[in-house]
Amino acid sequence: METRSAEKAWFLRALTVLQSPRPVFAGLRDDSDEAAEVRQDAAGAIVWLAGIAGVLATTVASTLLDDPARDWLVVTVWAFLAGGLYGFVFYFVIGKVLHVSLRKLGSRGSFRRARHLLGFAAAPVALALFLYWPVRIAIYGEDLFQFDGSDGNTTGTIFAWSFYLFVLWGLVLLVIGVRTVHGWSWARSLAGVAFTAVITSGLAVAVSVLDALG
């Protein structure tokens, strides 16, 4: 019963991290097995939702309905499954990059805590699934998932790029989280997140180049 109550408390914290992040991140300081177990489901839920929001912004999503045989059911199922995979791959890969970056700056935290820190910091991206995507889909409909859709005009392009405001919000939360968990200065915390972002960007470019060459 106590475990279930603790798990529910972390799901509530997943919502409050958007408004009052410091108390939520402070809870990550306890990295005991018991503490990590009760918060892992909340972190995983955020990651899955953020993954769906993220995968909808990919170039693959923008061509899903080019095939007339596909419909909204296909888009929905694809977004759910691919989003989960996308989210958890990034959760573990970027989580490891974050862990290594913070260790280089003196952190003694575990890989698990780095993942959970990243997971709760991804809450704004998960929020985009409920605030940003419903509005964009309501405006452009199927054109969002077609190569030559009407969302390709200037207004549509600006709207598309506004998604990254949620990503930026997540990065800000990550800096706050690193600073809160480790008790570091703003400069040191920012450096840890910046190292993570640079390495992750480099990996993304490398994968893109290999995909193009393939």
Side-chain angles (χ1 to χ4, degrees), residues 7 10-11 14-15 17-18 28 36-37 39-67 69-101 110-134 136-137 142 144-147 149 151 160-161 163-171 173-174 177 193 196-214:
E7 289 175 346
W10 273 104
F11 273 99
L15 299 175
V17 71
L18 296 165
L28 300 183
E37 183 178 354
R39 67 181 182 238
Q40 65 182 1
D41 287 347
I46 295 173
V47 168
W48 197 308
L49 294 174
I52 296 173
V55 82
L56 287 173
T58 63
T59 55
V60 175
S62 66
T63 60
L64 277 178
L65 294 181
D66 282 352
D67 184 345
R70 297 172 182 164
D71 56 18
W72 282 105
L73 178 60
V74 172
V75 174
T76 302
V77 173
W78 174 86
F80 180 78
L81 297 178
L85 178 62
Y86 184 85
F88 279 97
V89 167
F90 272 73
Y91 181 51
F92 282 92
V93 173
I94 301 178
K96 187 59 180 177
V97 173
L98 176 64
H99 177 233
V100 171
S101 298
S110 67
F111 174 36
R112 176 177 62 191
R113 187 169 70 179
R115 292 198 313 270
H116 290 176
L117 177 56
L118 179 66
F120 282 96
V125 183
L127 181 66
L129 184 62
F130 302 99
L131 292 186
Y132 171 83
W133 282 110
R136 196 163 179 228
I137 291 173
E142 293 184 356
L144 274 179
F145 305 102
Q146 295 176 342
F147 179 74
D151 62 309
W161 278 97
F163 170 76
Y164 294 97
L165 292 175
F166 291 91
V167 177
L168 179 60
W169 185 2
L171 288 173
L173 284 188
L174 187 56
V193 174
T196 302
V198 169
I199 295 172
T200 302
S201 298
L203 289 174
V205 170
V207 170
S208 298
V209 171
L210 290 175
D211 182 61
L213 292 176

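Residue numbers count from 1 along this sequence. In this text the structure is predicted, and so the values were computed from the model without any measurement.
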**Message:** Working note: Ser101 + Ile199, criterion side chain to side chain contact (heavy atoms under 4.5 Å, CB included); need CA distance, chi angles, decisive distance, verdict.
**Reply:** CA-CA 9 Å; Ser101 298; Ile199 295 172; 4.0 Å; yes
**Request:** Could you tell me how the ring of His116 sits relative to the ring of Tyr91: parallel (under 30°), tilted (30 to 60°) or perpendicular (over 60°)?
**Result:** parallel
**Item:** Pairs flagged by salt bridge (charged side-chain N to carboxylate O under 4.0 Å, His left out) wherever residues 39-62 is involved - sequence neighbours left out
**Value:** Asp31-Arg39
**Fill in**
Scanning both residues in full, the closest heavy-atom pair of Pro134 with Phe130 reads CG-O, 3.4 Å
**Shortest non-hydrogen separation from Ala14 to Ala123 and the atoms involved** = O-CB, 4.1 Å
**Request:** Hey, could you give me the CG/CG distance between Leu173 and Leu18, rounded to the nearest 0.5 Å?
**Result:** 7.0 Å
**Prompt:** Looking only at heavy atoms, which two atoms of Gly95 and Ala114 are closest? And how far apart?
**Reply:** O-CB, 3.8 Å
**Prompt:** With under 30° as parallel and over 60° as perpendicular, where do the rings of His99 and Phe111 fit, or are they tilted in between?
**Reply:** tilted
**Fill in**
Rounded to the nearest 0.5 angstrom, the CD1-OG1 distance for Ile94 and Thr196 is 9.0 Å
**Asked** Partners of Leu65 by side chain to side chain contact (heavy atoms under 4.5 Å, CB included), sequence neighbours excluded?
**Response** Arg70, Val75, Glu142, Phe145, Gln146
**Item:** Validation row: Leu129, Phe166 side chains within 4.5 angstrom (heavy atoms)
**Value:** no
**Asked** So, for Phe120 and Ala43, which heavy atoms are closest and what is the spacing to 0.1 Å?
**Response** CE1-CB, 3.9 Å
**Asked** Does Leu127 reach the side chain of Tyr132, with side-chain heavy atoms less than 4.5 Å apart?
**Response** no
**Fill in**
Separation between CG (Leu64) and CG (Asp71), nearest 0.5 Å, reads 11.0 Å
**Item:** Minimum heavy-atom distance between Leu49 and Ala126, given as atom pair plus value
**Value:** CB-CB, 3.7 Å
**Item:** Separation between CD1 of Ile46 and CH2 of Trp10, rounded to the nearest 0.5 Å
**Value:** 9.5 Å
**Request:** Only counting residues at least two apart or in another chain, list the ones meeting salt bridge (charged side-chain N to carboxylate O under 4.0 Å, His left out) with Arg115.
**Result:** none
**Request:** Could you tell me the separation between the CZ atom of Phe90 and the CG atom of Leu203, rounded to the nearest 0.5 Å?
**Result:** 9.5 Å
**Asked** Any side-chain heavy atom of Leu98 sitting closer than 4.5 Å to one from Thr200?
**Response** no
**Heavy-atom closest pair, residues Ala122 and Ala50** = O-CB, 4.0 Å
**Message:** Leu174 vs Trp169, test: side chain to side chain contact (heavy atoms under 4.5 Å, CB included). Steps then yes/no.
**Reply:** CA-CA 9 Å; Leu174 187 56; Trp169 185 2; over 6 Å; no
**Value rounded to 0.5 Å, distance of CH2 in Trp78 from CD1 in Ile52** = 10.5 Å
